[in-house]
Every structure is written in structure tokens, then in C-alpha cells.
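What follows is one structure encoded as C-alpha cells, with my remarks underneath.
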Amino acid sequence: MTRSVRLRGPVGALPAELTSFIGRRRELSEVRRLLSVSRSVTLTGLGGVGKTRLAVQAGTALQRTFADGVWFVDLAAVDDPQVLAQTICSSLGLRGQVTTSDMDALVDHLRSRNLLLVLDNCEHLVAACAALAEELLRACPGLSILATSRETLGIRGENVLSVTPLPVPDEDVASAGVSQNDAVRLFCDRASAVLPGFALTTDNRAAVAAICRRLEGIPLAVELAATWVRVLSLTQILEQLTNHYRLLNIRGRSLPERHRTLRACIEWTHGLCTSAEQSVWAQAAVFREGFELDAIDAVYLAGPEHDRDSPHPPVVDIVASLVDKSILIRDERGTRVRYRMLETIRQYGEERIQETEDWTALRRRHRDFYADLLARAEADWHGSRQAEWISRLRDEYANLRAALEFCLSRPGEVDIGLRIVADVHEKWPIWGLMSEGRQWLDRLLAVSPRRSQARVRALHTGIWLAIAQGDRDRAAVLLDQGRDLARDFDEPAAALIRLVSGYDAMYAGDFAGAVEAYDKALVAFRAAGDLRFQAETLNLLALCHFVADDTERALAYCADCLAITQPTQESWSRSRALWIAGMARWRQGTGREATRLERESLQLRSELDDQFGITLCLEALAWIAADNDPRRAALLFGVAARRSEVIFIAAITPLLSAFHQDCETRTRHALGNERFQAAYDHGMSLTASAALRYARYEESPAEPTSKPTPLTRREHEVATLVAQGMTNKEIAKKLFIAQRTAESHVENILTKMGFTSRTQIAGWMAETQSTG
């Protein structure tokens, strides 16, 4: 029989904490809860994310819960599974008295004890740790095991807690709230250890927050970056962190070798992967902001190293293993699942793939997948799955950008880029990205000399976007190109240019010319059996007749459009037909029917998350309310104004501004200026969800307790800097944000305040400050 003797000492053994433990309150509470309902809990996560610290902290908190203590076993240096049990025996302070196995000694020692065993760093011994844990738990009823690993043990009864990076401060977080952010607190704590007197101040908190965002809240990365404050300024640290590895190579003697640099930590994880896992990791680096299973499946299996006739592990199995190893992070999006990598992990994968494979070929496979995805969305567009496609493609937008960048970087790839821009089409305004769509189009057209059908379709989209934004000069240039090119092609390609010719004529007030162009395009689309563009043309005919005060013809065209779209449960064109029909009924004096139609359109546009279309419906509902409920009308005008962007104002001004001005004037007259402004400001203060509920008559918003501030906190910061004479570039540098973000903030300020120049912003800020 084996007799084991525990060495004298305290009950339990946990490593001493050398630095303070920051944050993780929720995770600590969850570990305690899981151990109260399960005897096996595993903390998983990326290397450097803080699994060990969390396990030690949880063990310290639970010492009184276990009569025989909490015992910590570090397995990082154990390479041979055969010595696993012996290592645990040694950590428990046992020495065998007879020649039986170490496993028998463990079981004999633990069988009658109430004890928590912390097994740290199990990832490189997962199979052995799983077998040992299962045997011990089965034989020792008072034993509980808390393991840390980059992948789960996979044993029966195991509960898993995924340890994610620390939350980082948002760009628009209130200044006072930055100091409470866990990533910021960790940075400041470690920085003050190497630079006594370092503290978060009004002057440096934006830089600290930006550093933590750049490092994605990975505790190890934050700690390593913080040590550089003794050498560099915060601004210099942020500049150096453009490459995630450049600064993160501090060698601390107290750290294990694999944690002395972030890169070493990642390389340790890479070495634990199979060759197939390493390959998928590297190829997944081509994606931006995540991907779905079909994307990695297509990109990986299309690689030159794969013979589809030879056996290979299913990609779904490899992806599942990478999720288990915390290399991929699983995100649920409704009924879909996406996978993403932290940027440091993605960059490492990109380096590996560039060492072993043609990066250009990989980017081409990536581009081909997304071009094909858009083509499938186009083919399936006139149907019931539009909301699904809009949601999927919105999630993939960063990948679509990368695909377009590739098309511009290689001669001979431009036509596919033009096809991508054209296939996005309706999604540009739905996503609020009309300006960006035009920028991509202009860049592609500039380097595309070919007279291709892809160019015709791209010109159709570009003309439509330019007119919608009120840029009729650019639209005229593109129209000339389109008319010249259309001569080379039969219908319905030529009809696309005819369609936007009518659009241009309508916005110029030439309704007869617009109707003539629309009618000819409609004939071509009907002959081709193209239901999608039939519906779009019918809606444009309806809008043209509505503006020309022929409501009966407008309603007839809306009915024709609905007859095409309702059987297929299409939403985009159907919602537009309902919107126009609602306005036509309003002009006929049937307010109740008009409201019903606008609410139905609003519902469809909400399901599509069509922000452009939602704002149009809110505006129409304000017009309807102006006839009998002026306070509601004023509030809805405020709601619509809050949602409006410069792009929306430009799009409706030529056609609908007269209706807006008339209804607003009547509403203001009915209420008086003071009451109108109070209701208008109330509407501007509503959240998006509250505004939609009010517009649908689902609830009345509570009265505001104070006058709403027209600008967000970040916009107020930007306005202050504009008043100081700073350029957008200087503002971006000062606030540690992208220049495009600064430009967007300035544009929003101009729109919200009704200003047309930065001078007006400065004057308003001076007045605001003088009145307190």
C-alpha cells in the first residue's frame, strides 16, 4: 500500500502576487459561481490575457471554502506527459513511501480531502491533463479542479469560462469615466511602478486611452507597453505601437520565458498548433474584422497546397480547434456565427503566410470569394432574404474594402472592382456610405479604360449616387460616359443608363423628360423579365408623378410595384412604394390611410436597418401630423433632423423641400415659436429606438427634464478645438482619433447646428462659454 506524507506548512500553496490585481470582478464572481455547481472549471483564452492571474486570485478568494486548501501547480515547464502526476505530487508536497505509481499516490492522498487543485498552463498537455483530471475527479469526491488552458480539456462535467481582454475605453467615453476603465487602470498602475509619480491627468488620459485601444485590452500587452513610460512619452509610445510587436519586447526576469514578449507568447501558442491549424491561422489573416465559415472554407481549400481529391481535415474541425485554443473568437450574430482574431494575432498570421505563400494569390482568393458573395446577393436580391443579405454584407464591409483595395493594386483586376461597387448598389445609402461608394467608383473608373458591361453597371450606380447627393455636375460627366458606352451594348444594359437619365431629368424639374426615359427603360426591363429594375422604375415613375401633383398616377404606379414585390416578400422596393403611396394619400387628404402606409414602410425599412429610408418615413409622418397634431409634427421634425445627414438633405431638397417648408411653417404657426422649439428639441433628444416607437404610435416619450444638448460630448470637444482654430488633422492628433473621424464629427456639428462654416462654430462656442 502507498502511504503519502504531506510536508509541513500552510494549508494550500498559491504563488505570491508581486503586482496588484486590476479589474475582473465579473470573471471572479463567475469562477466562484461555476465552482459552486461544478467540480471542474477551465479558464480558456489567448496567451497573455490573464488566465493565470485570474485563477490565482480566485484561488485566494476561495481558500476558506476548501478545508484542505487551494494548491497551485504550474505545468508550463513540463514537456513529458509521463511526469505529470509526479509534478502534481511534488507541488502538493508529497513524497512516496513505496514503489507504487505517482497517480496512485495522488488518488490515495486526495480521496478523503476537500481541496481545490489549480492546474495552470495545460494547453501543451491537454490530453494528459484531461485523462488525469477525469480519473482524479471520479476517485476523489471532495476534489475540485480549476484549470487554465488555451483550449478546453473536454472532460465530462467541465464548465468553461472564456477569459477575454480587458474592456477598453470608447472614443466617445466621458473624460471622467476613463479613469474607471480596467485597461487604463492597469496601464497606470504598471506605469507608476517604473516611473514614480506617473498618474492619469486631464492632459494625458486621451493618450492612455488610445494606447489601451490600440493594444485591444490584452493585459500582457498593456503591461509591457506601460514599462516604456520611463523612456518615451505617451505620444511616442502610441506612434511606435503601429507595429504591435515593436515595443512589446521588454525582458522581465520575473516573467516566464513565453511571457517576456508578446511575440514570444504568440509563438508559444503557434507551436502548440498542428500544421493544419497553423495554415488556417495564417490564411485567416487575410480577413478584416472577422469572417464566416464559408469564407475561410473557400479561401483555404482553394489554396495551391490542397488537392480536393486527397484527404484533409474538414475546415470546420480546424476552425473549432482554433476556437478551442483561443486563437479565433466566436461571435454570434443572430442565426449566424462569425470568427475573428485580435489584431496582434492576425498580424502574426500575416507574417507567417508571407513567409510561406504568395500573399498576392491569397488576397486574390479572398477578393474572389467576396465578389462571388455579392453576385449571389444580387441574384437573390428580389426576394424575402434582403434583410439577411444586408446584415451579412454589412458585417463583411471591412472585407469588401480589402477586396476593392486589391482590385486597385493590380492591373487587370479593375473590372471585378467595378462589379463589386455596382453589386453593392442599394446598400450604399442603406449603410450611410454614399460618399465612400462614390470615392471607390471614381478611383476604379480612373484606371479602367475598358468598354465593359461592368463599367456600364458601375456608371449606373455612380450616376445614381451623385444625383442623390445633389452633385449634378459630376452626374452629367458620368452620364455622358454612360450614354457613349451604352451604344456598345444591347438591352437591358443600355436601359440602366436610360433609367438614370430619367433620374437626372426628374431632379432638374423636367418631369416630362423623366417620364419618357423611365417608360423606355421599363419596356426593356419587362422584355428581359428583370423584376428588380421593373420595381425600381415603377417607383421612380410614382415619385415623379407625386412631385408633379398627379397623385392618381402616382398611386397607380405604386400599386404596380406592390403587385411585383408583395408575392416575393421583397422589402426594399416595396417599402419605397408604400412611402410614396403614403405621401400621395396625404396630398389627397386621407391622413389615416397615409399614416398606415408610412408606418408599414417604416416597419420594412427598420427590418432592413435602412437609416436613409427610415428618415424619409419620419419626415413624411411629420407632414401628415402637421394637419391635426402640430406638437407631434414638431417632435417628429426634430426626430428626423437628428437622424438626418448632409447626404439626406442634399437628396431630398430638390424634390421635397417645398413640402417640408410648408408643413414646418404651418406647425410653427400653430404652436408658436417657443412651443415648437421645445417639441423639436425633445424630438432631437430621443434615442433611435424611442423615436421609432413614438413614430409607430407605440409609446409617448417622457418629457425632458432639461434642455437637451444638441451635441454629443465628443462633438463638443471637437467644437472647442475648432473654435481654437485647429484643422481636422490637428484635432485628430490632439484627440488620438482618425482624421476621417474628426472630419465626420465636424460635419455632424455643422448639420446639427444648421451652420455652413467653421467660423460659425467658433462664434457659437464663444457665445456658449460667455453664457456659461
Side-chain angles (χ1 to χ4, degrees), residues 374-386 389 415 418-419 421-427 450-465 467 475 478-507 510-546 548 550 552-578 580-581:
L374 274 167
R376 285 187 279 136
E378 273 291 278
D380 198 29
W381 181 248
H382 191 84
S384 61
R385 297 183 60 212
Q386 285 180 338
W389 279 116
D415 265 13
L418 289 172
R419 196 180 85 201
V421 171
D423 282 347
V424 174
H425 197 61
E426 297 96 335
K427 294 82 172 176
R450 294 184 56 195
R451 300 178 67 83
S452 64
Q453 188 158 329
R455 189 178 177 92
V456 173
R457 293 183 60 234
L459 283 168
H460 160 253
T461 295
I463 296 162
W464 177 60
L465 292 175
I467 295 171
L478 297 180
L479 263 172
D480 287 343
Q481 294 180 22
R483 289 174 179 136
D484 174 62
L485 191 57
R487 299 189 186 100
D488 295 351
F489 298 94
D490 296 328
E491 307 292 4
L496 292 174
I497 303 301
R498 201 172 298 120
L499 182 66
V500 286
S501 296
Y503 199 47
D504 181 62
M506 182 175 69
Y507 271 80
D510 179 9
F511 299 125
V515 169
E516 181 183 1
Y518 291 153
D519 281 339
K520 289 180 179 179
L522 185 59
V523 170
F525 294 136
R526 280 175 170 161
D530 190 329
L531 294 178
R532 171 191 174 178
F533 280 107
Q534 284 182 55
E536 181 168 330
T537 308
L538 288 166
N539 275 329
L540 289 170
L541 281 163
L543 183 60
C544 191
H545 283 92
F546 165 75
D550 187 349
E552 289 297 334
R553 293 285 296 277
L555 287 167
Y557 283 120
C558 288
D560 288 347
C561 179
L562 292 172
I564 291 174
T565 56
Q566 284 177 334
T568 61
Q569 293 299 296
E570 188 270 359
S571 296
W572 163 257
S573 291
R574 189 157 49 116
S575 69
R576 297 177 78 198
L578 290 166
I580 299 166

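Please read these numbers as outputs of a predicted model, since none were measured by experiment.
For the side chain to side chain contact (heavy atoms under 4.5 Å, CB included) test with H545, the passing option among D550, I580, L540 is D550; the others fail. Tested against L478, the residues I467, I463, L465, V500 include a single side chain to side chain contact (heavy atoms under 4.5 Å, CB included) partner, I463.
With hydrogens and angles ignored, the 3.5 Å screen pairs no side-chain donor or acceptor of R455 with any backbone N or O of R451. Formation of a donor-acceptor pair under 3.5 Å by the Q453 side chain with backbone atoms of A493 is not found in this model. Checked by atom type and distance alone, the side chain of E570 pairs as donor or acceptor with a backbone atom of R574 at under 3.5 Å.
Between R532 and E536 there is no salt bridge, since no side-chain N of the basic residue sits under 4.0 Å from a carboxylate O of the acidic one. Between R457 and E378, at least one side-chain N (NZ, or NE/NH1/NH2) sits under 4.0 Å from a carboxylate O, which counts as a salt bridge.
Cation-pi contact between K427 and W381: present, with separation from the ring centre below 6.0 Å and deviation from the ring axis of at most 45°.
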message: Quick one, W389 with L374, criterion side chain to side chain contact (heavy atoms under 4.5 Å, CB included). Give me CA distance, side-chain angles, the key distance, then yes/no.
response: CA-CA 9 Å; W389 279 116; L374 274 167; over 6 Å; no
- request: List the steps and the verdict of side chain to side chain contact (heavy atoms under 4.5 Å, CB included) for I564 and H382.
  value: CA-CA 10 Å; I564 291 174; H382 191 84; 3.7 Å; yes
query: Step by step, would you call D504 with D510 a side chain to side chain contact (heavy atoms under 4.5 Å, CB included)?
result: CA-CA 9 Å; D504 181 62; D510 179 9; over 6 Å; no
- prompt: Step by step, would you call D519 with L541 a side chain to side chain contact (heavy atoms under 4.5 Å, CB included)?
  reply: CA-CA 8 Å; D519 281 339; L541 281 163; 3.8 Å; yes
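Taking OH from Y518 and CZ from F511, the interatomic distance works out to 10.0 Å, rounded to the nearest 0.5 Å. A distance of 12.5 Å separates SG of C544 from CG of N539, quoted to the nearest 0.5 Å.
The aromatic rings of W464 and Y503 sit tilted, their planes meeting at an angle between 30° and 60°.
Checked against the 6.0 Å centroid threshold, F533 and H460 count as a close aromatic pair.
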